[in-house]
Structures are given as C-alpha cells and as structure tokens.
2 protein chains.
Amino acid sequence: MTDTRFKSWQSVQEEVLARIHSRKWKPGDFIPNEADLAQEFGCARATVNRALQNLADEGLLDRRRKAGTRVATHPVRKATMYIPIIRQEIRDRGLEYGYELIRSEKVMPPREIGKSMGSGKRIDVLHIVCLHTADGRPYVLEDRWLNPKWVSREDFSIFSDTSPNEWLVTHVPFTEGNIVFSAISAGKTEAELLSCKEGDALFVIDRTTRDKQETITSVRLTFFPGYRIETTI
Amino acid sequence: MTDTRFKSWQSVQEEVLARIHSRKWKPGDFIPNEADLAQEFGCARATVNRALQNLADEGLLDRRRKAGTRVATHPVRKATMYIPIIRQEIRDRGLEYGYELIRSEKVMPPREIGKSMGSGKRIDVLHIVCLHTADGRPYVLEDRWLNPKWVSREDFSIFSDTSPNEWLVTHVPFTEGNIVFSAISAGKTEAELLSCKEGDALFVIDRTTRDKQETITSVRLTFFPGYRIETTI
DNA sequence: GAGTGGTCTAGACCACTGG
DNA sequence: CAGTGGTCTAGACCACTCG
C-alpha cells in the first residue's frame, strides 16, 4: 500500500481533500491516524501532520489527541476576510484615489469611546473625519478617534493631506483589537458626505485598536451604497 | 547570547511579538534570519520557522526567500470571521431557536443563478425560503437555490421541518465557494418576513457553494436590523 | 493506562529570488 | 551565484484525553 507519489505536505493535503470530496471519508468519519497515513503515503509522519494540521486550521478536520482525527461536520465555519487597505483597494479597481480631510478637532468624545482612552477619566480626544474618494466620487467615510497619548500636537496637523491610516502604520505599535461588520441606514450626515440618499443601506466596519486595555484608536468606515466585501472559501 | 528560555515555537512567537510591539523591530524592518534567531534562542531552526511562518500567516510578517523576513507595514490585512451556524449562534445567545418553512418550490431561477446550475441550459431549480427565529422573533431569512442534481424528490420534502443547512452538511461533499457581505435596504418582502420597516438597513451574507464550476447551492441570508458580526484580531 | 496528536531536534536538500 | 526561507526525515519525547 505504500505509495511514493506523496512527497510534499501539499500533495498529502490534496489527497486527503480528494477523499473528503469523493465522500470516501464523510463528515463525522474518523480517518486513519498519522502514523498509518504516513506509511500509506510513504512519507514521514511530520509531513502528514503538517497537511492535516493545515486542514484543521481551515476547519475541514477536527483533531483531538487520543480521540483521533475526523472530518468536520460543519465545513465552512470560518472565512478569512481581507480587510481593505483603502488606497490600495481603490487603485486595484483601476480608479484614482483621493483624500479629503473634513474635520479635525480635539473634543470630548462620546462616553463609550472616551472611557477606554483616558484611563477612566474623560479627556479631550483627537477626532478626525475624512473621505476617501475613487475617481472623485465618495468611496468611504472615515470617522476616527485617536488617543492623544499616541499623537503629538505636531503630528496632528499632518492629517490635512495624509490619511490617518498611513500615519498609524509607522507610528503606532502592533496591537490587538476587534472588528465589527454591520449595516446602517444613511443619516443626514452620511447622505451628504457620501452623496447618497438618506435611508440608503450602508456597509460599515468598526475597528478598535488597543494596547493592553487602553484604546489607541477607534474608527468607523462607512462605505458608499452598494459596497460589498468578498472572500473565497 | 544563546538563551534557553525559548523551547516552544509559541514562546518564540511571543518573543518576536514582544519585539514588534516594543518597536525594537519596526514595520518595514528586516529581522535576523532563521538560523541566527535559532542560535540566539537556543532552539532548532525548524522551531523558529514554525513561529515565523505562523506570524506570516497572520499577516504580521512578510517573508521572502533570499530577501529575508520583515515586519509587515500593514499589520491588519486579514481577519478570520466565524461564519454563524445559525441554530448554534442563536442558542449561544441563550435564545430559543425556531425554524419556519415559508416557501418550497421547483421553478426557473433568476438567470444569474440558473446559468451555473444547468450546465449551460436553464432548468427548474429547487427554491427554499425559510426563516430562523430566536425566541420567536425573526432572526435571519434564508433564501436558497439548490441544484436538483444534488437533491432527490424525496429529500426535498424534508425541509418542512429541517433547515436546508443541516441537510446539506451530511449530503453534499465539501467544496469551494465564495462569500459576499453587503448591506441592503429592506424591501416589502423583507420587511414583512423580518417584521421590520421598509427601508431598514439589513446585513446580508451571500454564499455560493460549487463543485468544479457547477453551483450546488446558492444562499442569501438576510439578518434582522441591528445584526452585527464581530471578530478579534 | 494507552493511543493519538503536538512538538522538538539535527541535519539535509531544495526552491526561489535578489544582486 | 549565493543567501534565505521552505520542506522533508527519522527519531524522540511530551501532553492530552478517552475509556
């Protein structure tokens, strides 16, 4: 049964996938253990391990010590979304990118945002509103709150022609955070800035970036009506 | 410089992360090569490799042969979204799951959907509309087209009390597909079925599952107003 | 307790790609 | 061409967890 065709973990993965697709191994079934598969494929166990682990990461297999490996019953449990890097996304569509600063101020933020920025106290926070355009038409509205601890007065002024996004990349450490996708109805402000009608459905991404509990920046991206974000599984 | 604290790839990864966070290694910087790091950490190169590869997968490092490894300039490039398994999602929220079949028919599908199901010809296709409820309130509307090649007449009748989702898991092979997230404005139908107002902004997921070019099923999930999907980075 | 996956090692060779 | 990451191997031990 030893087979010499399987030399790389990719080829092992392909064979495993083929067996799943062909329903030789059905959802819920246990598959042979790594050692046996290694022998059948004529490769090292580490190679099989790499292949199976990768498939498990993608959600196609469930693996547990002692219990073994089985084909997942819910194949599509996660999808990897590529978060748009706005300027690049617009260019990729063959459109001309434009940036426009709409508002830049230091004010008391909404309670919810302020809480996590001022170590408990409510403090003034930098607030930037800007618009990214594609071929001159509104593409996405960026509404950002920046913890002043991370931005000096001088830096602040640069946002007149540099998107906060670009600046953040090189001035703020990598951190943790979360992202929320949702849909909102365009209010008066959004309608004006995005040149759409009030009530239009808009796709929204809220992202918060933290450094140990403390919020560094919180941003809402509101896209033009009809925007869609796509991914392959 | 050899250090004995780093025994596992996770600990190596943590150390690398720490150096990125502390900005000892800044975005765009090259970091030492694997061999050097292995020596510094006092572990095998394979261990360093595993750690760095994982960070590269997460988008925090850019790696290229010969060129080397550098800290990514755009840290948050992708996010892994956990696609809701509706019944489970509702239960996780502590609500009672309910299922209601609204329509079940075999009809000529919209051109776009029909094309990829009938090997070129337009054929009748199974169409299911159902509603998933949480504590009796509309949660998500499921509008699904099923390639009849994959569903027999008898199977079809079961959808009166089983969500197509559950059925698909055990009867259809794993495949490829794509997912699209977007926002729509509630029309008359959505408003009625989801008990919301016309014009409300609704979050929508469109998912298509294919087996080699041929579409097996195409589904649109339209969520109640206010629905959000969240992920951590 | 025993079976299975998870990981580490040391060494080797390969594959890609920048200069 | 040469440097770097990518991968494979064979063997070993560990960690978890099912029964």
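Residue numbering restarts at 1 for every chain, and letters A, B, ... go by the order of the sequence lines.
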Query raised in the report: Between Q10(A) and dT7(D), does any side-chain N or O lie under 4.0 Å from OP1 or OP2?
Result: yes
Query - Length of the CD-C1' vector between E34(A) and dA10(D), whole Å - result: 15 Å
Report task. Look at the side chain of D29(B) and the backbone N and O of V71(B), then say whether any donor-acceptor pair between them is shorter than 3.5 Å. Result -> no
Query raised in the report: Are W145(A) and I128(A) close enough that some pair of their side-chain heavy atoms sits under 4.5 Å apart?
Result: no
**Report entry** Residues, nucleotides or ligands: over 12 heavy atoms within 6.0 Å of Q10(B) CD
**Finding:** yes
Report task. Just do the side chain to side chain contact (heavy atoms under 4.5 Å, CB included) check on I205(A) and R220(A) with the steps written out, would you? Result -> CA-CA 6 Å; I205(A) 300 180; R220(A) 162 165 284 201; over 6 Å; no
**Report entry** Distance below 4.0 Å between R63(B) side-chain N/O and dT4(D) OP1 or OP2
**Finding:** no
Report task. Tell me whether the OP1 or OP2 atom of dC8(D) has a side-chain N or O from R50(A) closer than 4.0 Å. Result -> no
Query raised in the report: Which residue, A46(A) or R65(A), contacts DNA chain D at a nucleotide closer to its 5' end, judged by nearest heavy atom?
Result: A46(A)
**Report entry** Spacing between L55(B) atom CG and dG5(D) atom P, to the nearest angstrom
**Finding:** 14 Å
Report summary line: Rounded to whole Å, the CG-C1' distance (N49(B) to dC14(C)) equals 14 Å
Report summary line: Considering only heavy side-chain atoms of A44(A), the closest of dG6(C), dT4(D), dT9(D) is dT9(D)
Query - Length of the CZ-P vector between F30(B) and dT17(C), whole Å - result: 14 Å
Query raised in the report: Between dC8(D) atom C1' and N54(A) atom CG, what is the distance in whole Å?
Result: 16 Å
Query raised in the report: Distance check: side-chain N/O of T47(B) vs OP1/OP2 of dT9(C), anything under 4.0 Å?
Result: yes
Report task. Round to a whole Å and report the spacing from NZ of K66(A) to C1' of dC14(D). Result -> 16 Å
Requested in this report: Check each of F223(B), Y227(B), F224(B), Y97(B) against H132(B) using the ring pair (Phe, Tyr, Trp, His ring centres under 6.0 Å) test, and report the only one that passes.
Outcome: Y97(B)
**Report entry** Side-chain donor/acceptor contact of R45(B) with base of dT4(D) under 3.5 Å
**Finding:** no
Report summary line: Rounded to whole Å, the CH2-P distance (W9(B) to dT9(C)) equals 14 Å
Query - Separation of atom CD in Q53(A) from atom P in dT4(C), rounded to whole Å - result: 17 Å
